[in-house]
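Here is the structure we will look at, set down as structure tokens.
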Amino acid sequence: MNKPQPPSTSNFIKQIIDADLASGKHKSIVTRFPPEPNGYLHFGHAKSIALNYGLAQLYGGKCNLRFDDTNPEKEETEYVESILEMVKWLGYDYGTALYASDYFDFMYRAAELLISEGHAYVDSQSAEQVQLNRGSFSEPGKNSPDRDRKIDDNLTLFREMRDGQHADGTHVLRARIDMASPNINMRDPTLYRIKRATHHRTGDKWCIYPMYTYAHPIEDAVEGVTHSLCTLEFEDQRPFYDWLLGKLADGGLLKRPLPQQIEFARVNLTYVVLSKRKLIQLVAEGHVDGWDDPRMPTLAGARRRGYTPEGFKLFAERIGVSKANQVIEFSVLEDCMREHLNEVAPRRMAVLDPVKLVIENYPQGQEEMMEVPNHPQKPDWGKRQVPFARELWIEREDYQEVPVKGYFRLFPGNTVRLRYAYVVKCIGYDKATDTVRCEVLADSRSGTDGANKYKVKGNIHWVSVKHAHEAHVHLYDRVFKESLAQGLEHLNPDSKRTIAARLEPSLREARQDAAVQFERHGYFVADSSDASTFNRTVSLRDTWATANSP
Ligand code: ATP
Ligand code: MG
């Protein structure tokens with residue numbers, strides 16, 4: 001299951017790569033995953049990571065992990081570490097992480113080259129004037145009065161900006177392209193701004209910083225990236241991406257072939273938000289218990305909830321890549337997790353809503369060990385011993401005083417099998433002690449000849465009262481009530497419930513990274529903070545749709 005899953009074979013990105021390899025434009029491919037270290041990775045990033053690393057693996061190329069850390073104001077080392085941890089958790093070996101800030105010197109040289117060749121100028125208009133003169137979709141922009149400043153003066157001014165001789169906001173460096181372009185991004189975009197800010201890696205070395213749209217193409221080119229995959233909102237930036245790299249190649253600073261930007265639709269999921277800004281709000285306002293709250297669609301939250309890297313890869317492959325914006329049903333992701341967990345999670349017995357059951361004809365003090373398979377379809381996983389005794393916990397819903405039609409579990413007079421143990425007959429219920437009363441059919445023990453004598457429809461799980469591991473279980477549900485409405489007024493007030501459960505004793509040794517299936521309930525994992533707390537990863541079936549339909 002640890003083998004990398006290549007992205008869907010029908011994807012259009014693959015077709016572009018195939019053509020580039022066939023034509024000899026590239027001998028091998030280089031992709032990259034370029035997070036901005038200004039927040040924690042979310043499920044959308046998992047898709048991007050799986051896509052970029054998946055393509056590199058499929059074609060025997062490589063994928064760079066590069067921090068897009070060119071904006072000094074929002075970035076933090078804490079995020080860098082978390083991102084590294086999560087990429088590793090997803091199972092990708094990123095070798096040495098790269099940092100866009102390592103290319104600041106190169107970016108500066110590139111800017112001087114553009115100035116020297118008349119492709120960039122220092123603009124001393126105020127930010128408002130620049131904005132005003134940019135025009136609109138229907139109106140062309142107006143040339144800045146500084147657009148024809150002499151090359152030498154531009155160079156001098158730009159060096160003074162770098163040397164800290166001008167105040168923040170007094171000048172910017174702009175590309176000299178076309179103020180009448182129908183694409184507003186081509187109307188002399190800003191390349192550099194003056195900003196006295198301490199950078200998490202370069203400290204106070206710089207007081208001018210490159211704009212993202214300038215920095216990003218250069219980062220790709222410097223690293224020899226062949227296919228630069230980004231989300232759809234950058235489509236209008238592609239002409240500038242090509243313009244910039246073309247000018248730097250013409251000037252001898254970059255070698256051809258240049259990287260190609262390819263856009264694909266960002267992943268949106270129902271019932272969650274996938275935007276760092278909105279996720280920050282959930283944490284800051286205390287709607288969840290932090291970044292790694294298992295309800296958060298962050299990878300840190302996912303890991304704690306018990307979602308698996310293999311489940312994410314399956315998801316990335318299943319949804320493929322698209323050119324059109326798409327909203328994926330959250331249940332698609334959950335199904336991927338179930339599919340993987342079904343393969344890897346051993347089965348255990350856990351009673352989540354306990355009521356006591358007493359077997360009145362079973363001797364006081366007697367105990368038996370029952371042999372219970374770890375996975376009913378995988379005999380090679382072996383069996384474990386589970387203690388059985390006179391007093392057991394069962395699920396409250398497995399008993400009905402007056403059975404509804406079609407109910408075949410415990411009610412007075414009915415027989416059921418206590419899974420992997422005996423058949424018992426219900427003889428009543430004692431209100432005073434809230435106890436279901438039963439009698440055991442002594443020759444019905446599972447695995448013995450007598451077991452087949454009894455035909456029962458109900459087959460319920462149990463945990464011995466004396467041996468039970470009492471634990472808290474968090475039952476997580478969707479963060480938002482509405483599939484597409486993502487305002488805070490649509491938060492699901494029941495997204496987390498905590499209950500006191502009774503677990504079979506082997507679960508005392510549960511590990512945080514090892515999923516288990518609680519039979520009939522779903523997949524669970526011990527919480528990272530405390531092994532006697534379990535988190536529900538996902539139920540066995542999608543119950544949301546039925547429970548929430550009008
Ligand atoms: P956010 O909007 O949440 O801040 P972002 O796009 O700004 O996300 P980056 O750190 O810039 O986050 O993203 C790193 C990479 O992950 C980019 O290549 C980006 O396109 C990709 N990515 C981010 N969100 C998604 C998503 N929802 N679906 C697919 N790819 C995504
Ligand atoms: Mg971003």
_I'd like to know if the side chain of Tyr420 reaches the main chain of Val386, judged simply by a donor and an acceptor atom lying under 3.5 Å from each other, with no hydrogens or angles considered._
no
Practice item. For Tyr214 and Leu244, indicate whether the former's side chain and the latter's backbone hold a donor-acceptor pair under 3.5 Å. Key: no
*Are Arg384 and Glu509 close enough for a salt bridge, meaning some N to O gap below 4.0 Å?*
no
Steps toward salt bridge (Lys or Arg N to Asp or Glu O under 4.0 Å) verdict (Arg66, Asp220): CA-CA 10 Å; Arg66 177 214 310 152; Asp220 286 344; 2.7 Å; yes
Check the pair Trp291 / Ile280 against side chain to side chain contact (heavy atoms under 4.5 Å, CB included), numbers first and verdict last.
CA-CA 8 Å; Trp291 281 103; Ile280 284 170; 3.5 Å; yes
For Leu274 and Gly44 the tightest heavy-atom approach is CD1-N, 3.9 Å
* Are the side chains of Asn38 and Arg277 in touch, meaning some heavy atoms are under 4.5 Å apart? -> no
Take Phe43 and Phe312 through the ring pair (Phe, Tyr, Trp, His ring centres under 6.0 Å) test and state the conclusion after the steps.
CA-CA 8 Å; Phe43 295 177; Phe312 277 112; 5.2 Å; yes
Of all heavy-atom pairs linking Asp293 and Asp289, the shortest is OD2-N, 2.7 Å
For Arg295 and Ser495 the tightest heavy-atom approach is NH1-OG, 2.9 Å
The reported gap from CG in Leu333 to CG in Leu269 (rounded to nearest 0.5 angstrom) is 6.0 Å
| task | Could you verify whether a donor N or O on one side chain and an acceptor N or O on the other, from His474 and Thr498, lie under 3.5 Å apart? | result | yes
Notebook entry, point to check: Do His227 and Asp20 touch side chain to side chain, with heavy atoms closer than 4.5 Å?
Noted result: yes
Output for pair (Tyr59 OH, Lys14 NZ), nearest 0.5 Å, gives 4.5 Å
Does this structure show an ion pair linking Asp513 with Arg511, if we count only N-O contacts that are shorter than 4.0 Å? yes
Counting only heavy atoms not in Lys457, do more than 12 sit closer than 6.0 Å to its NZ atom? no
Worksheet item: Do you see a donor-acceptor pair shorter than 3.5 Å between the side chains of Asp236 and Asn183?
Response: no
Sub-3.5 Å donor-acceptor pair from the side chain of Thr231 to the main-chain atoms of Glu233, do we have one?
no
- Counting heavy atoms not belonging to Lys88, are there more than 12 under 6.0 Å from its NZ? no
Angle between ring planes, Phe524 versus Phe518, binned at 30° and 60°: parallel, tilted or perpendicular? parallel
Return yes if some donor-acceptor pair links the side-chain N/O of Asn374 with the main-chain N/O of Trp381 below 3.5 Å, else return no. yes
message: Taking the side chain as everything from C-beta on, heavy atoms only, tell me whether Phe33 gets closer than 4.5 Å to Leu41.
response: yes
| Short question: side chain of His375, backbone of Asn342 - any donor-acceptor pair under 3.5 Å? | yes
So CD of Glu219 and CG of Asp102: to nearest 0.5 Å the spacing works out to 10.5 Å
Here the gap from Ile29 atom CD1 to Ile17 atom CD1, rounded to the nearest 0.5 Å, amounts to 4.0 Å
### Message
Is any side-chain heavy atom of Leu418 closer than 4.5 Å to one of Met370?
### Response
no
*asked:* With a 4.5 Å cut-off on side-chain heavy atoms, are Glu235 and Gln261 touching?
replied: no
key: Short side-chain to backbone donor-acceptor contact, Thr31 and Asn52, under 3.5 Å   = yes
**Q.** Short side-chain donor-acceptor distance under 3.5 Å, His521 and Glu395
**A.** yes
Closest non-hydrogen atoms of Val272 and Val479, given as atom of the first, atom of the second and distance, are CG1-CG2, 4.5 Å
Check: Is the closest side-chain donor-acceptor distance between Asp477 and Tyr271 under 3.5 Å?
Finding: no
- Task: Check for a donor-acceptor pair, side chain of Lys47 on one end and backbone N or O of Gly320 on the other, with a separation under 3.5 Å.
- Result: yes
Worksheet item: Near Arg497 CZ, under 6.0 Å, is it more than 12 heavy atoms from other residues, nucleotides or ligands?
Response: no
Do the side chain of Arg338 and the main chain of Arg541 share a donor and acceptor less than 3.5 angstrom apart? yes
Note: Ser539 and Arg536 closest approach over all heavy atoms is N-CD, 4.2 Å
Only residue of Arg520, Glu519, Arg348 satisfying side-chain hydrogen bond (donor to acceptor under 3.5 Å, both in side chains) with His461 is Arg520
For residues Glu223 and Val30, determine if any side-chain heavy atom of one lies less than 4.5 Å from a side-chain heavy atom of the other. no
query = Between Asp353 and Glu397, is there a donor-acceptor pair closer than 3.5 Å when you use the side chain of the first and the backbone of the second?
reply = no
Pairwise side-chain contact, Lys313 with His340, heavy-atom cut-off 4.5 Å (strictly under):
no
Heavy-atom check, side chain of Arg318 versus side chain of Glu339, under 4.5 Å:
yes
task: I would like to know whether Arg32 and Asp68 meet salt bridge (Lys or Arg N to Asp or Glu O under 4.0 Å); could you show each step before the answer?
output: CA-CA 11 Å; Arg32 87 286 175 266; Asp68 218 326; over 6 Å; no
Of Phe240, Phe264, Tyr212, the one forming a ring-ring contact (aromatic ring centres under 6.0 Å, His included) with Phe234 is Tyr212
Note to self: Check this for me: Lys62, atom NZ, are more than 12 non-hydrogen atoms of other residues, nucleotides or ligands nearer than 6.0 Å?
What the structure shows: no
Checklist line | Verdict with supporting geometry, Tyr399 and Phe411, ring pair (Phe, Tyr, Trp, His ring centres under 6.0 Å) | finding: CA-CA 6 Å; Tyr399 172 77; Phe411 54 85; 8.6 Å; no
*asked:* side chain to side chain contact (heavy atoms under 4.5 Å, CB included) for Cys63 and Tyr92? Distances and angles first, verdict last.
replied: CA-CA 10 Å; Cys63 176; Tyr92 298 107; over 6 Å; no
Note: Ala500 and His472 closest approach over all heavy atoms is CA-CD2, 4.4 Å
Does this structure show an ion pair linking Arg396 with Asp434, if we count only N-O contacts that are shorter than 4.0 Å?
yes
inquiry  = Before you tell me yes or no, could you show the steps for Leu279 and Tyr40 under side chain to side chain contact (heavy atoms under 4.5 Å, CB included), namely the whole-Å CA-CA distance, both residues' side-chain angles and the distance that decides it to 0.1 Å?
reply    = CA-CA 9 Å; Leu279 292 174; Tyr40 293 90; over 6 Å; no
Verdict with reasoning, Arg347 to Glu504, per salt bridge (Lys or Arg N to Asp or Glu O under 4.0 Å): CA-CA 11 Å; Arg347 277 41 174 169; Glu504 67 163 75; over 6 Å; no
Output for pair (Glu329 CD, Ser483 OG), nearest 0.5 Å, gives 6.5 Å
Verify the neighbour count for atom NE2 of His490: are there more than 12 heavy atoms of other residues, nucleotides or ligands below 6.0 Å?
yes
Practice prompt. Begin from the C-alpha positions of Tyr53 and Leu90 and carry the test side chain to side chain contact (heavy atoms under 4.5 Å, CB included) through to its verdict.
Written response: CA-CA 11 Å; Tyr53 280 92; Leu90 282 177; over 6 Å; no
*Does Gln326 offer a backbone N or O that forms a donor-acceptor pair with the side chain of Arg266 under 3.5 Å?*
no
